[in-house]
Enquirer: 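Dropping the structure in here first, questions after.
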Amino acid sequence: MSTDANLVIQIQAHYPKIYLACHSEHSKSRSNASSLSNRDMTILAHLYDGQLCYNKQLAAHLKIAASTMSEALNNLVALKLLQITVDQEDQRKSRYQLSALGEKALQDSSVLDSQKLQQLLNKLSATEQQQVVEGLRLLADATNQ
């Protein structure tokens with residue numbers, strides 16, 4: 001078995017353990033003030049780190065129409081989960097970013113229960129906790145490349 005294949009199966013074996021240990025049930029199809037649809041949760045997650053912050057950029061990345069993305073972003077703005085700012089380099093563009101309420105909604109609607117995840121993290125040293133976050137960030141960032 002190649003090293004790359006070994007890494008793949010390791011991730012495939014480890015992730016379900018984390019998912020099952022920390023999973024919480026959410027199944028709303030439309031966003032409202034207290035819950036998010038799967039699509040809207042995905043949008044918020046992609047906006048979290050600020051790497052993807054434009055309508056067309058998000059739409060292309062998530063493989064949905066720009067008009068569909070625009071409708072979803074407008075809904076999230078109306079729910080006060082997102083803030084819109086004018087891009088400093090190109091004032092014709094609007095940048096979307098999570099509001100404090102959006103960050104809370106992202107956390108509350110996550111498939112990973114915050115308390116269960118915190119309990120797992122508490123079993124690790126501060127250094128190990130940072131390594132976990134960094135590893136997940138690196139893997140997530142690879143989706144944008």
Enquirer: Is it the case that one hydrophobic cluster holds both L121 and V133, taking links as side-chain heavy atoms less than 4.5 Å apart, direct or via other members?
Expert: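 They do not share one cluster, since no chain of ILVMFWY contacts under 4.5 Å joins L121 to V133.
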
Enquirer: Counting C-beta onward and ignoring hydrogens, is there a side-chain heavy-atom pair between L98 and L81 closer than 4.5 Å?
Expert: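 Answer no - side chains too far apart.
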
Enquirer: Going from CD1 on I64 to CG on L62, what distance comes out if it is rounded to the nearest 0.5 angstrom?
Expert: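 I64 CD1 to L62 CG: 5.5 Å, rounded to 0.5 Å.
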
Enquirer: Could you list the residues that satisfy side-chain contact (heavy atoms from CB on, under 4.5 Å) with K116, not counting sequence neighbours?
Expert: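 C22, D113.
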
Enquirer: With Q129, which residues qualify under side chain to side chain donor-acceptor pair (under 3.5 Å), at least two apart?
Expert: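 Side chain to side chain donor-acceptor pair (under 3.5 Å) check on Q129 returns nothing, list empty.
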
Enquirer: Are L101 and L106 linked, directly or through intermediate hydrophobic residues, by side-chain heavy-atom contacts shorter than 4.5 Å (ILVMFWY only)?
Expert: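 Yes; tracing contacts between hydrophobic side chains, which count when under 4.5 Å, links both residues.
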
Enquirer: Spell out, as yes or no, whether a donor-acceptor pair under 3.5 Å connects the side chain of Q118 to the backbone of Q115.
Expert: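 Not confirmed, Q118 side chain does not pair with Q115 backbone.
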
Enquirer: Identify, with sequence neighbours excluded, every residue that meets side chain to side chain donor-acceptor pair (under 3.5 Å) alongside S114.
Expert: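 Here the qualifying residues are Q107.
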
Enquirer: Please report, to 0.1 Å, the donor-acceptor pairs under 3.5 Å made by any side chain of residues 43-50, with sequence neighbours excluded.
Expert:
residue : atom : partner : partner atom : Å
H46     : ND1  : T42     : O            : 2.9
H46     : NE2  : H61     : NE2          : 3.2
D49     : OD1  : Q51     : N            : 3.1

Enquirer: Going by the rule side-chain contact (heavy atoms from CB on, under 4.5 Å), which residues pair with E134 if we only count those two or more places apart in sequence or in a different chain?
Expert: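 So E134 forms a side-chain contact (heavy atoms from CB on, under 4.5 Å) with R137, L138.
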
Enquirer: Given 3.5 Å as the limit, does a donor-acceptor pair link the side chain of S94 with the main chain of T85, or not?
Expert: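 Such a contact is absent between S94 side chain and T85 backbone.
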
Enquirer: From E71 CD over to L76 CG, what is the distance, rounded to the nearest 0.5 angstrom?
Expert: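 That separation rounds to 10.5 Å.
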
Enquirer: Applying side-chain contact (heavy atoms from CB on, under 4.5 Å), can you list everything that pairs with S67, at least two apart in sequence or on another chain?
Expert: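 side-chain contact (heavy atoms from CB on, under 4.5 Å) check on S67 returns A65.
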
Enquirer: Any chance you could lay out the side-chain contact (heavy atoms from CB on, under 4.5 Å) test for L139 and I11, step after step, and finish with the verdict?
Expert: CA-CA 10 Å; L139 194 57; I11 293 168; 4.3 Å; yes

Enquirer: Counting distance only, does the side-chain N/O of S70 pair as donor-acceptor with the main-chain N or O of A66 below 3.5 Å?
Expert: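 Absent.
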
Enquirer: Once you round to the nearest 0.5 Å, how far does OG of S109 lie from CG of N38?
Expert: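 S109 OG to N38 CG: 9.5 Å, rounded to 0.5 Å.
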
Enquirer: Tell me whether Y96 shares a hydrophobic cluster with Y54, the cluster being built from Ile, Leu, Val, Met, Phe, Trp, Tyr side chains joined at under 4.5 Å.
Expert: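 No.
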
Enquirer: Hydrophobic clustering (ILVMFWY, side-chain heavy atoms < 4.5 Å, transitive) - are I84 and L58 grouped together?
Expert: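 Yes; I84 is reachable from L58 via cluster members.
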
Enquirer: In Å and rounded to the nearest 0.5 Å, what is the CD to CG distance from Q131 to L136?
Expert: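 Result: 12.0 Å between the selected atoms.
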
Enquirer: How many angstroms lie between CG in N74 and CG in L82, if you round to the nearest 0.5 Å?
Expert: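 Separation between the atoms: 9.5 Å.
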
Enquirer: Working to the nearest 0.5 Å, report the span between CZ of R95 and CG of D90.
Expert: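 Answer for the CZ-CG pair, R95 versus D90, is 11.5 Å.
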
Enquirer: Determine, using the 4.5 Å side-chain heavy-atom cutoff (strictly less than), whether L120 and Y15 are members of one ILVMFWY cluster.
Expert: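 Hydrophobic grouping puts L120 apart from Y15.
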
